[in-house]
Each structure stands twice: as C-alpha cells, then as structure tokens.
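Here's the structure, in structure tokens; my notes come after.
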Amino acid sequence: MRTKTAIISIPDLTSEALPKLDEVLRGVAGVESVDFSLERKVAVLEFDPTQSNVDGLLRAVLKAGYRVS
C-alpha cells in the first residue's frame with residue numbers, strides 16, 4: 001500500500017487543541033499517522049489515498065472547530 005502525505009496549516013493550533021485534533025484526524029478512514037508542529041502551526045498526516053483524500057482531512061479539522069489555511 002502506498003501512502004500520501006498531507007500537510008495542513010492550522011493557524012490557531014495550540015497545545016490544548018492537540019488531543020481533540022489527534023482524535024478527529026485519526027478517526028478519518030485511512031489515516032495512518034498524525035504529527036503536529038506547534039512552531040509551524042501544521043498537522044502532517046500519512047494516509048491511504050484509496051480510503052481518504054485531502055478534502056476529507058480538511059473537513060475533519062473544520063468540523064472539529066478549527067480553521068485551515
């Protein structure tokens with residue numbers, strides 16, 4: 001299986017947001033790993049493109065109440 005990497009910019013990313021965002025993003029089908037950079041304000045995800053896509057990942061962040069840019 002080949003995975004893809006998505007880097008999602010989340011301007012209001014804080015340490016308090018990490019548990020909720022981690023749970024939401026790992027709940028998306030096909031997501032294999034989630035890493036965050038508070039310094040760069042991004043989430044870096046590895047996902048299976050046969051099960052999900054970038055739009056689905058962005059929707060999950062928005063649904064959790066956070067902005068993406």
Side-chain angles (χ1 to χ4, degrees):
M1 174 182 64
R2 305 233 350 150
T3 61
K4 284 193 168 190
T5 301
I7 300 173
I8 300 174
S9 178
I10 307 170
D12 46 352
L13 185 63
T14 63
S15 59
E16 293 80 19
L18 297 183
K20 182 175 184 178
L21 284 169
D22 188 66
E23 179 182 348
V24 167
L25 290 168
R26 288 182 187 276
V28 175
V31 171
E32 296 191 0
S33 70
V34 180
D35 290 307
F36 296 98
S37 169
L38 290 174
E39 181 180 312
R40 293 175 39 220
K41 303 248 184 234
V42 297
V44 181
L45 300 101
E46 294 291 328
F47 68 98
D48 178 350
T50 66
Q51 295 184 46
S52 189
N53 57 44
V54 173
D55 286 342
L57 300 171
L58 293 173
R59 277 194 299 275
V61 173
L62 293 170
K63 200 171 187 180
Y66 297 92
R67 295 180 299 128
V68 295
S69 61

Next item on the list: Check whether any side-chain heavy atom of L21 sits under 4.5 Å from a side-chain heavy atom of L13, and report yes or no.
Entry: yes

Next item on the list: Look up atom OG1 in T50 and atom CZ in R2, then write down how far apart they are to the nearest 0.5 Å.
Entry: 12.5 Å

Checklist line | Student check: side-chain heavy atoms of S33 and L45 closer than 4.5 Å | finding: no

Next item on the list: Could you check if a side-chain atom of L25 sits within less than 4.5 angstrom of a side-chain atom of F36, using non-hydrogen atoms only?
Entry: yes

Notebook entry, point to check: Which heavy atom in E46 sits nearest to a heavy atom in T3, and how many Å separate them?
Noted result: OE1-OG1, 3.2 Å

Next item on the list: Determine whether I7 and L18 fall in the same hydrophobic cluster, where Ile, Leu, Val, Met, Phe, Trp and Tyr are linked whenever their side-chain heavy atoms lie under 4.5 Å apart.
Entry: no

Check: By the rule that ILVMFWY residues connect when side-chain heavy atoms come within less than 4.5 angstrom, directly or transitively, which residues belong alongside V24?
Finding: none

Check: Are V44 and V34 side-chain neighbours, meaning at least one heavy-atom pair lies under 4.5 Å?
Finding: no

Margin query: Tell me every residue that passes side chain to side chain contact (heavy atoms under 4.5 Å, CB included) with S37, counting only those two or more places apart in sequence or in another chain.
Written below: E39, R40, V42

Margin query: By the side-chain hydrogen bond (donor to acceptor under 3.5 Å, both in side chains) test, which pairs, at least two apart or in different chains, include something from residues 14-26?
Written below: T14-E16, D22-R26

Item checked: From CG (L62) to CD1 (I10), nearest 0.5 Å -> 9.5 Å

Check: So does K41 have more than 12 non-hydrogen atoms from other groups sitting under 6.0 Å from NZ?
Finding: yes

Margin query: With side-chain hydrogen bond (donor to acceptor under 3.5 Å, both in side chains) as the rule and sequence neighbours excluded, what pairs involving residues 56-69 come up?
Written below: S9-S69

Margin query: V54: which residues meet the side chain to side chain contact (heavy atoms under 4.5 Å, CB included) condition with it, sequence neighbours left out?
Written below: A6, F47, L58

